Visitor: 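Here it is, the structure, as structure tokens.
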Amino acid sequence: MHRIMDFRSDTVTKPTEEMRAVIASAEVGDDIYEDDPSSNALCEYAAELTGKEAAIYVCSGTMGNLIAFATAGRAGESLLAGKRSHVWCSEVGGFSAIAGLCPYPLTDDEGIPEPSELAAASRADGDIHHPDTTILSLENTHNYTGGLAVSPERFARTAREGKRLGFHVHLDGARIFNAAVFYGVDVAEFTREVDSVQFCLSKGLGAPLGSMLCASRDFIERAKKWRKRLGGAQRQVGIAAAAGLYALKNNIGRLAEDHANARLFAELLKKGGVEVEEYPNMTNMVFFPLRDGEASDADFEARCLEKGLLTHMISPRRARFVTHLDVDRDDVERAAEIVLEALRA
């Protein structure tokens, strides 16, 4: 039996031995009293990286986005978000159920709405029949459209239009460092355009858990109350925060390896006749459809697993493979062979 290769997501990574050593030796305190040295250091570094005044550590990206929405808006107001965005499709409607916001979908088939769509979607027109539109949520990289990295220029045009219209502009930057590495820019090229940003430590950066929410000092102080309200304030969180700080200082540059491995995987599948979704700005994700006459979704996953490959059907008849720090070039080549065998079978 081959060892199990897990291409389901970049969330499946395990801490390296170096990261485990950092976790084991982490200085800790009570973070609610703000005396956890590791958490404080992580927050300071995250704020510095993103060009914001302050940051807080949260349990997950979903929690970070929800806290941002609840802090920026009030119940009954409207939030604009892409119809294929993670906050719309995969966060259990938290912005409505908990923050009380009324969502309005935007077209994001290329990873980001057009600036011209924002004014037409806004209800900030003074009409007493309409909920005031107060928040614009953007995503980069954009998961469900193919892991697309939206360019700094394209991102800035939409973000600036949102600000011109008076919205709080939030970036769901779960994988924003993938976008920064793809375009060879500092992450602040993106984050300076928004009022708040959430990014994950537990995806390509390789930490076992956690995300950061970065914004102005006043916004973060108000966000802390929402974090407490949601049960996300923690005590000796430095054990996890130390891993996040290590990830930020050591694992950003290596994201380029994941991008190269994803391109290799796509090329190998294409040579085998697979209709891979091709994008010039793809990062660490490869998508392809299962064609009529090929295996069912469940059969395809089972055939791959028999050969030691864990897979994920992101939606019916659409497969997603994600490269990360726990798979290397040899794994990619073997995974491509297994996929082609499974499809032929």
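Since we're looking at a predicted model, the values are computed, not measured. Nothing fancy with the numbering, it's 1 onward along the sequence. Scope of the values below: all heavy atoms of this structure, side chains included, with no hydrogens, waters or symmetry mates.
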Visitor: Where the side chain of Ser122 meets the backbone of Thr133, is there a donor-acceptor pair that is under 3.5 Å apart?
Guide: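 No, Ser122 side chain to Thr133 backbone: no donor-acceptor pair under 3.5 Å.
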Visitor: With a 6.0 Å cut-off on ring centres, are Phe321 and Phe288 close enough?
Guide: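 Yes - the distance between ring centres of Phe321 and Phe288 falls below the 6.0 Å cut-off.
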Visitor: Side-chain contact test, heavy atoms from C-beta onward, threshold under 4.5 Å: evaluate it for Met313 versus Arg8 and give yes or no.
Guide: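 Of all side-chain heavy-atom pairs linking Arg8 with Met313, none is under 4.5 Å.
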Visitor: Over all heavy atoms of both residues, which pair between Glu301 and Thr311 is shortest? Give the atoms and the distance, please.
Guide: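 That closest heavy-atom pairing would be CG-OG1, 3.3 Å.
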Visitor: Give a yes or no on whether Arg317 atom CZ has more than 12 heavy-atom contacts from other residues, nucleotides or ligands under 6.0 Å away.
Guide: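 Yes, enclosed.
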Visitor: Checking Arg263 now: which residues fulfil salt bridge (charged side-chain N to carboxylate O under 4.0 Å, His left out) with it, not counting sequence neighbours?
Guide: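 By the salt bridge (charged side-chain N to carboxylate O under 4.0 Å, His left out) rule, Arg263 matches no residue at all.
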Visitor: Can Arg123 and Asp127 be counted as an ion pair, charged N to O under 4.0 angstrom?
Guide: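 No, Arg123 and Asp127 are not salt-bridged.
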Visitor: What is the distance from atom CZ of Phe7 to atom NE2 of His324, rounded to the nearest 0.5 Å?
Guide: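 It comes to 6.5 Å.
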Visitor: So, Ser60 side chain and Met63 main chain: donor-acceptor pair closer than 3.5 Å or not?
Guide: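 Checked: pair present.
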Visitor: Do Glu77 and Pro131 touch side chain to side chain, with heavy atoms closer than 4.5 Å?
Guide: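 No. Closest side-chain heavy atoms not under 4.5 Å.
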Visitor: In Å, rounded to the nearest 0.5 Å, how long is the span from CD of Glu277 to CE of Met282?
Guide: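 Interatomic distance, Glu277 CD to Met282 CE, rounded to 0.5 Å: 10.0 Å.
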Visitor: Stepwise, does the salt bridge (Lys or Arg N to Asp or Glu O under 4.0 Å) test hold for Arg291 with Glu275?
Guide: CA-CA 9 Å; Arg291 295 173 292 202; Glu275 296 176 358; 3.7 Å; yes
Visitor: Please test Asn65 against Glu91 for side-chain hydrogen bond (donor to acceptor under 3.5 Å, both in side chains), starting from the C-alpha separation and ending with a verdict.
Guide: CA-CA 9 Å; Asn65 289 333; Glu91 298 188 5; 3.0 Å; yes
Visitor: Would you say the side-chain atoms of Asn140 pair up with the backbone N or O of Val150, donor to acceptor, closer than 3.5 Å?
Guide: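 Present.
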Visitor: Looking at Asp326 and Lys14, would you say the former's side chain and the latter's main chain have a donor-acceptor pair under 3.5 Å?
Guide: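 Yes; at least one donor-acceptor contact below 3.5 Å.
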Visitor: Rounded to the nearest 0.5 Å, how far apart are CD1 of Ile32 and NZ of Lys224?
Guide: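 Rounded to the nearest 0.5 Å, the CD1-NZ separation comes out at 11.0 Å.
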Visitor: Within the side chain of Thr158, is there an N or O that forms a donor-acceptor pair under 3.5 Å with the backbone of Pro113?
Guide: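 Yes.
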Visitor: Where is the tightest heavy-atom contact between Ser96 and Leu101, given as atom of each residue plus distance?
Guide: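 It is OG-O, 2.9 Å.
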Visitor: Any carboxylate oxygen within less than 4.0 angstrom of a Lys/Arg side-chain nitrogen, looking at Asp108 and Arg84?
Guide: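 No.
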Visitor: Atom CD of residue position Glu189 - does it have more than 12 heavy atoms of other residues, nucleotides or ligands inside 6.0 Å?
Guide: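 Atom CD in Glu189 is packed in, count exceeds 12.
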Visitor: Heavy-atom count around Glu110 CD within 6.0 Å, excluding the residue itself: above 12?
Guide: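 Counting other residues, nucleotides and ligands, CD of Glu110 stays at 12 neighbours or fewer.
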Visitor: Is there a donor-acceptor pair under 3.5 Å between the side chain of Lys228 and the backbone N or O of Ala223?
Guide: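 No: the side chain of Lys228 does not pair with the backbone of Ala223.
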Visitor: Hey, do the aromatic rings of His168 and Phe219 have their centres closer than 6.0 Å?
Guide: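 Under 6.0 Å, so yes.
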Visitor: Under a 4.0 Å N-O cut-off, is there an ion pair linking Lys270 with Glu267?
Guide: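 Judged by the 4.0 Å cut-off on N to carboxylate O distance, Lys270 and Glu267 do form a salt bridge.
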Visitor: Is the backbone N or O of Glu34 less than 3.5 Å from a side-chain atom of Asn40, with the two atoms forming a donor-acceptor pair by type?
Guide: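 Looks like yes, one N/O pair under 3.5 Å.
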Visitor: His170 and Ser196: side-chain donor and acceptor closer than 3.5 Å?
Guide: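 Per modelled atom types, His170 and Ser196 side chains form a pair under 3.5 Å.
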Visitor: For the CZ atom on Arg329, are there more than 12 heavy atoms of other groups (residues, nucleotides or ligands in this structure) within a distance under 6.0 Å?
Guide: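 It does not: Arg329 CZ has 12 such atoms or fewer within range.
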Visitor: Tabulate below the donor-acceptor pairs under 3.5 Å that side-chain atoms of residues 237-245 make, not counting sequence neighbours, or state none.
Guide:
none

Visitor: If I take atom CG from residue Asn251 and atom CG from residue Leu205, how far apart are they, to the nearest 0.5 angstrom?
Guide: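 Asn251 atom CG to Leu205 atom CG measures 6.5 Å (nearest 0.5 Å).
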Visitor: List the steps, then state whether side-chain hydrogen bond (donor to acceptor under 3.5 Å, both in side chains) holds for His86 with Glu139.
Guide: CA-CA 8 Å; His86 195 273; Glu139 182 177 340; over 6 Å; no
Visitor: Within the distance-only criterion (no hydrogens, no angle test), does the side chain of Glu53 pair as donor or acceptor with the backbone N or O of Ser216 below 3.5 angstrom?
Guide: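 Here the side-chain-to-backbone pair does not exist.
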Visitor: Rounded to the nearest 0.5 Å, what separation is found between the CG atom of Asp132 and the CZ atom of Arg74?
Guide: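 It is 7.5 Å, given to the nearest 0.5 Å.
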